[in-house]
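Notes to accompany the following structure.
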Protein chains: 2
Amino acid sequence: MSPALQPAFRALADPTRREILTSLSQREMSLNEVTAQFSMTRAAVRKHLEVLVEGNLIHIRRQGRETLSTLNPDGLRPVVDWLSFFDQFWDEKLDALKTAIETETPDE
Amino acid sequence: MSPALQPAFRALADPTRREILTSLSQREMSLNEVTAQFSMTRAAVRKHLEVLVEGNLIHIRRQGRETLSTLNPDGLRPVVDWLSFFDQFWDEKLDALKTAIETETPDE
DNA sequence: ATATTATGACACCATAAGGTATCCTTTTAG
DNA sequence: CTAAAAGGATACCTTATGGTGTCATAATAT
C-alpha cells in the first residue's frame, strides 16, 4: 500500500498515456477502442496501458474476448499530494501580492 | 508563453530531479551544493538541472564562478492544472459517500 | 603570477523506452 | 464447425535517458 510515486510519475510522463487517461475519464474502453484514437499499433497502445496499470492509474479486466480499461482516479492521489508541497510557494506569492496591494492603497 | 506541459511532466518523471526540486525549495544552491546531496557526478546532476530548466521548473544564473539554481514554483502550474481536471472524479466519490451517509441515516 | 575552485563541453556507454511486425490463442458470430 | 474478431506474447529495432570520464576555461584566493 505504499504510495508508489515513481511509477505514477513515470506513467504520466508520456503524452500518449496522458491522453489515454483523459479518454478513459469518459468511459471504460476496450483495447481496440483506445487504439482507434491513435496512429500507432495495438501492441504499442497495449504497452502504454500496462505502464498505466503499473502506475496504478487505470485498471484492466478481461471480459469475453476484449480487454476493458477503466480510469483509477485515486492513483493520481500520490502525485497530487507530492505536488501540493509546493503550494506554499504559490501562497507566499499571493500573500506578497496581497500585502503589496494593501500597502499600495493605504486606507488611513 | 505556451503551457509546455510535456517538458514539465518529463522533468518530474525522474526521482533525482524531484529531489532536487525539494532541495531548491529550501534555498538557492550552487551546482556543487546540489551535487553533494547525491552519489553521482557533477556532470550528471548538471544534466538533470538542464532538464528542469527545460521544464521551466527552475532558473539558473551564473554568479562569479558558480552556477546558482533556484526553484520556479510557477512552472508546476501547468502540471497541477492538468491534474485538476481529474478532481471531479474524486468529488464524485465524495458526493456518493455523502449521499450514502444521508441515505443511511434518514432523519425523518 | 599561480594554484585552486567551480564549471562547461564533449565523447562515450549501457539500459530504458516507444514502436513495429509476426504468429498463436481465445471468443463469438454465422 | 468455421471464419472473423480481439488480444496475448515475442522478437527486434531505433532513440532517448541517465551516467561516467577527460580536458579546457573562467573566477578567485594567495
Side-chain angles (χ1 to χ4, degrees), chain A residues 4-24 26-71 75 79 82, chain B residues 4-24 26-71 75 79 82:
Chain A
L5 192 61
Q6 182 51 31
F9 264 116
R10 195 263 214 180
L12 291 172
D14 184 273
T16 296
R17 287 193 290 266
R18 289 199 301 279
E19 209 173 325
I20 290 176
L21 290 181
T22 303
S23 294
L24 293 183
Q26 302 307 306
R27 69 170 191 290
E28 183 173 54
M29 295 173 72
S30 70
L31 175 54
N32 263 343
E33 289 178 305
V34 176
T35 302
Q37 302 183 295
F38 303 92
S39 51
M40 63 178 77
T41 64
R42 191 166 30 82
V45 171
R46 187 60 176 84
K47 283 190 182 179
H48 282 305
L49 291 178
E50 196 51 45
V51 175
L52 287 168
V53 166
E54 287 167 11
N56 193 35
L57 302 181
I58 69 171
H59 290 310
I60 289 185
R61 68 191 171 87
R62 194 77 193 266
Q63 184 175 54
R65 60 179 164 183
E66 37 187 29
T67 297
L68 301 176
S69 301
T70 58
L71 176 70
V79 174
W82 187 87
Chain B
L5 192 61
Q6 183 49 33
F9 264 116
R10 194 266 216 184
L12 290 172
D14 183 272
T16 297
R17 288 193 288 268
R18 289 199 301 279
E19 208 172 326
I20 291 177
L21 289 180
T22 303
S23 295
L24 294 182
Q26 303 305 307
R27 67 168 192 292
E28 183 173 53
M29 296 174 72
S30 70
L31 175 54
N32 262 343
E33 289 179 303
V34 176
T35 302
Q37 302 184 294
F38 302 93
S39 52
M40 63 177 77
T41 64
R42 191 165 30 79
V45 172
R46 186 60 176 85
K47 282 189 182 180
H48 282 304
L49 290 177
E50 196 51 45
V51 175
L52 287 168
V53 166
E54 287 167 11
N56 193 35
L57 301 182
I58 69 170
H59 289 310
I60 289 186
R61 68 192 170 85
R62 194 78 192 268
Q63 184 176 55
R65 60 179 163 182
E66 39 187 25
T67 297
L68 301 176
S69 301
T70 60
L71 176 70
V79 174
W82 187 87

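Letters A, B, ... are given to chains in the order of the sequence lines, protein chains preceding strands, and every chain is numbered from 1. Note that this is a predicted model, so its numbers are computed, not measured. Computation of the quantities below employed the complete heavy-atom set of this structure, encompassing side-chain atoms and omitting hydrogens, waters and symmetry-equivalent molecules.
As a whole-Å value, the separation of Leu12(B) CG from dT17(D) P is 14 Å. Residue Gln63(A) contributes atom CD, which lies 19 Å from atom P of dT26(C) at whole-angstrom precision. Put simply, CG on Asp14(A) is 18 Å from P on dA16(C), counting in whole angstrom units. Across the protein-nucleic acid pair, Ile60(B) atom CD1 and dG8(C) atom C1' stand 12 Å apart, rounded to whole Å. As rounded to whole Å, 14 Å separates atom P of dA27(D) from atom CG of Leu68(B). At whole-Å resolution of the value, CD in Gln6(A) and P in dA16(C) are 13 Å apart. In this structure, Met29(A) places its CE atom 13 Å from P of dA6(D), rounding to the nearest Å.
In terms of modelled atom types and a separation under 3.5 Å, the side chain of Gln6(B) and the main chain of Ala13(A) share a donor-acceptor contact.
Glu66(A) is not listed as a side-chain neighbour of Asn32(A), based on a closest heavy-atom distance of 4.5 Å or more. A heavy-atom distance below 4.5 Å is found between the side chains of Leu21(A) and Leu12(A). Side-chain contact between Arg10(B) and Pro7(B): absent, with no pair of heavy atoms (C-beta onward) separated by less than 4.5 Å. Residues His48(B) and Val34(B) fail the side-chain proximity criterion, which asks for heavy atoms closer than 4.5 Å. Looking at Ile58(B) and Met29(B), their side chains never come closer than 4.5 Å, going by heavy atoms from C-beta outward.
Of the residues in residues 30-47 of chain A, Met40(A), Thr41(A), Ala43(A), Ala44(A), Lys47(A) come within less than 4.0 Å of DNA chain C through at least one heavy atom, sorted by number.
Between Arg10(A) and Arg62(A), the residue anchored closer to the 5' end of DNA chain C is Arg10(A), taking for each the nucleotide with the nearest heavy atom.
When the side-chain nitrogen and oxygen atoms of His48(A) are compared with OP1 and OP2 of dA17(C), none of them lie within a distance under 4.0 Å. Regarding contacts with the backbone of dG18(D), a side-chain N or O of Arg17(B) is found under 4.0 angstrom from either OP1 or OP2. Look at Thr67(A) and you'll find a side-chain N or O under 4.0 angstrom from OP1 or OP2 of dG8(D).
Side chain Arg65(B) to base dT5(C): a donor-acceptor pair is found below 3.5 Å.
Atom CZ of Arg46(B) and atom OG1 of Thr41(B) lie 12.5 Å apart (nearest 0.5 Å).
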